[in-house]
There are 2 protein chains.
Amino acid sequence: MLANLPPNTVERLSLYRRRLLNFPFEEKPFIHSHQLAHLLKINPAHIRRDLMLMGFSGDVHKGYDIKKLIKKIGQTIDCKQIQKVAFVGVGDLGRAVAAYFNNADSRLKIAATFRLTEEPKTQYADVHCYNISKMKSIIRKEGIELIVLAVPPSFAKEISKTIISSGVKGILNFTSVHLEVPKHIYIEEYDMISKLEKLSYFTNK
Amino acid sequence: MLANLPPNTVERLSLYRRRLLNFPFEEKPFIHSHQLAHLLKINPAHIRRDLMLMGFSGDVHKGYDIKKLIKKIGQTIDCKQIQKVAFVGVGDLGRAVAAYFNNADSRLKIAATFRLTEEPKTQYADVHCYNISKMKSIIRKEGIELIVLAVPPSFAKEISKTIISSGVKGILNFTSVHLEVPKHIYIEEYDMISKLEKLSYFTNK
DNA sequence: TTTTTATTGTTAATTAATTCACAAATAAAA
DNA sequence: TTTTATTTGTGAATTAATTAACAATAAAAA
Ligand SMILES: NC(=O)c1ccc[n+]([C@@H]2O[C@H](COP(=O)([O-])OP(=O)(O)OC[C@H]3O[C@@H](n4cnc5c(N)ncnc54)[C@H](O)[C@@H]3O)[C@@H](O)[C@H]2O)c1
Ligand SMILES: NC(=O)c1ccc[n+]([C@@H]2O[C@H](COP(=O)([O-])OP(=O)(O)OC[C@H]3O[C@@H](n4cnc5c(N)ncnc54)[C@H](O)[C@@H]3O)[C@@H](O)[C@H]2O)c1
């Protein structure tokens with residue numbers, strides 16, 4: 001359980017949980033590996049293997065107890081205490097992610113959002129939206145460890161420097177800008193266009 | 001070049017292109033594998049291998065000619081003719097992706113967007129925004145092949161049925177809902193929260 | 001009761017992805 | 001001219017991810 005899980009397993013466990021939370025488990029409290037696999041379009045052996053890595057067991061006939069599984073995934077991948085997240089840049093993308101995030105059950109908590117001006121709104125995702133100039137002090141005061149960065153590309157580099165010097169542990173970078181970060185900061189990037197272009201390539205054979 | 005490239009290579013080639021398009025190649029027309037690798041935080045051998053798979057060669061001392069490389073990536077991963085894309089759901093997320101998309105250079109073209117009502121705006125990303133009721137006929141009339149789906153979860157299943165029956169080839173599904181699609185339709189899903197939860201897991205060791 | 005059927009847990013096998021390592025090439029330095 | 005230093009291109013090695021396979025189990029059917 002405390003063993004180091006492979007990155008892909010961690011990501012899948014998170015996906016299993018989200019799907020299961022949307023599953024009518026009050027009526028159907030158990031699920032088989034092939035059923036969950038079907039929902040996620042992956043191989044059933046994958047699921048059994050991932051759950052095994054967590055040390056989670058199902059019933060050989062009933063399958064997996066969904067409530068227990070959701071709980072176990074939490075114990076495995078969630079941090080022990082609440083870990084605070086800030087959104088830097090709350091335009092279309094930041095707002096979409098923040099809203100989506102607020103529905104998700106986990107031990108991550110949005111503690112602040114930052115943008116250039118405080119107007120016209122001072123709250124997003126039920127937390128205060130501060131002017132970017134207050135970012136460093138608030139990250140420190142609140143003990144924010146994770147950042148979702150979604151500012152316009154032209155500001156990304158400059159803002160990332162402030163973020164890094166505030167002592168965060170991880171950044172999910174949505175800007176397409178290369179950020180120079182020290183090794184102890186974990187950075188994850190994502191590009192939706194590359195997904196679309198991949199889709200295009202493979203639909204054209 | 002027409003060889004089947006590994007999925008991860010296709011995705012990376014797209015990323016290389018986006019980074020290179022943001023690179024000042026008018027002043028610095030060549031780039032070395034280790035420089036590009038640094039920008040993308042990957043291994044230089046990775047880059048050399050991916051370019052080799054495309055059949056692209058660099059100069060052993062100057063490195064890779066950036067303009068030529070961008071062109072070669074296009075010839076390799078872009079479709080031959082323009083391939084049309086529609087955005088179904090143009091809320092925060094759909095708008096963010098559509099706007100980002102419009103900056104990106106490729107042979108994909110947003111041909112229409114759809115949402116529940118036509119008000120208050122009838123254009124997004126410079127194309128007309130139609131009422132969802134017109135989706136099927138417009139997908140067919142325009143020959144739209146790819147869909148970016150970003151509607152509220154409660155509508156996703158129903159809307160996906162219409163999309164499928166319209167004869168598209170691929171769907172990039174941002175809703176967290178399981179969609180039943182026939183095998184000949186390529187579907188790609190993405191979940192930002194699982195990325196954040198992964199970030200959380202690995203920043204906590 | 002016995003047989004059939006289905007599913008888990010797990011090891012082994014396979015496949016895919018990544019990285020290493022180095023020959024070949026050649027510009028720049030000595 | 002000769003040496004040194006780099007960097008590409010690529011096969012080989014390694015590592016990670018995925019899938020197959022099946023013994024063990026026990027419910028359900030016969
Ligand atoms: N990776 C992807 O797939 C992807 C997809 C869409 C958008 N993007 C990128 O995400 C970023 C945000 O996109 P968007 O559509 O939400 O943009 P947007 O213009 O709607 O929002 C930008 C946000 O950043 C804030 N901001 C602007 N300047 C700032 C500053 N100096 N300091 C702090 N905050 C500032 C604005 O107040 C606003 O909240 C862009 O960089 C865009 O290119 C990436
Ligand atoms: N995968 C992820 O990481 C991720 C992240 C954020 C949001 N999401 C999901 O993406 C979707 C969109 O999120 P959002 O924040 O943009 O939501 P939103 O409410 O801002 O936008 C929804 C859009 O869908 C349109 N719509 C509503 N009902 C419709 C119908 N019946 N037919 C056609 N269009 C309809 C609306 O007009 C609007 O344009 C949601 O399902 C959300 O859960 C996923």
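Chain A is the first sequence line, chain B the second, and so forth, proteins listed ahead of strands; every chain is numbered from 1. Scope of the values below: all heavy atoms of this structure, side chains included, with no hydrogens, waters or symmetry mates. The structure presented is a predicted model; accordingly, all values stated were derived computationally and were not measured.
- Within residues 26-39 of chain B, the residues having any heavy atom closer than 4.0 Å to DNA chain D are, in order of number, B:His32, B:Ser33, B:His34.
- Pair assignment for C:dA13: D:dT18, on the basis of Watson-Crick or G-U wobble contacts that are both within less than 3.5 Å.
- Remark: of the listed residues A:Gln83, A:Lys109, A:Glu188, A:Gln83 is the sole one forming a side chain to side chain contact (heavy atoms under 4.5 Å, CB included) with A:Leu146.
- B:Arg107 contributes no side-chain N or O that, together with a main-chain N or O of B:Asp78, makes up a donor-acceptor pair within less than 3.5 Å.
- For the pair B:Leu51 CG and D:dT10 P, the computed distance is 11 Å after rounding to whole Å.
- At least one donor-acceptor pair under 3.5 Å links the side chain of A:Lys84 to the backbone N or O of A:Glu142.
- Formation of a donor-acceptor pair under 3.5 Å by the B:Ser200 side chain with backbone atoms of B:Leu196 is not found in this model.
- Proximity of the aromatic rings of A:Tyr190 and B:Tyr190 is defined here by a centroid distance below 6.0 angstrom, and this criterion is met.
- When the P atom of D:dT18 is taken as reference, atom NZ of A:Lys41 falls 17 Å away, rounded to whole Å.
- The CD1 atom of A:Ile47 sits 13 Å away from the C1' atom of D:dT19 (whole-angstrom rounding).
- Using a distance-only test at 3.5 Å, with no hydrogens or angles considered, no donor-acceptor pair links the side chain of A:Arg17 to the main chain of A:Ile70.
- To the nearest angstrom, P of C:dA12 lies 17 Å from CZ of A:Arg48.
- In this entry the distance linking CZ of B:Phe56 with C1' of D:dG9 reads 13 Å, nearest Å.
- Shortest non-hydrogen contact noted between A:Ser176 and B:Arg19 is O-NE, 3.1 Å.
- On a pure distance criterion of 3.5 Å, no polar donor-acceptor pair joins the side chain of B:His61 and the base of D:dT7.
- Remark: P of D:dT10 and CE of B:Met52 are 6 Å apart, rounded to the nearest angstrom.
- In this structure, A:Lys62 places its NZ atom 9 Å from P of D:dA27, rounding to the nearest Å.
- Residue A:Asp65 contributes atom CG, which lies 16 Å from atom C1' of C:dT7 at whole-angstrom precision.
- Proximity of a side-chain donor or acceptor of A:Asn131 to a complementary backbone N or O of A:Lys134 within less than 3.5 Å is not detected.
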Nucleotides 16-19 of chain C: which of its N/O atoms have a protein N/O under 3.5 Å away?
| from | atom 1 | to | atom 2 | distance (Å) |
| --- | --- | --- | --- | --- |
| C:dA17 | O3' | B:Asn8 | ND2 | 3.4 |
| C:dT18 | OP2 | B:Arg12 | NH1 | 2.5 |
| C:dT18 | OP2 | B:Arg12 | NH2 | 3.4 |
| C:dT18 | OP2 | B:His46 | NE2 | 3.0 |
| C:dT19 | O4 | B:Arg49 | NE | 3.0 |

- [ ] Could you please spell out the steps behind the side-chain contact (heavy atoms from CB on, under 4.5 Å) verdict for A:Val88 and A:Ile163?
- [x] CA-CA 9 Å; A:Val88 181; A:Ile163 291 172; 4.3 Å; yes
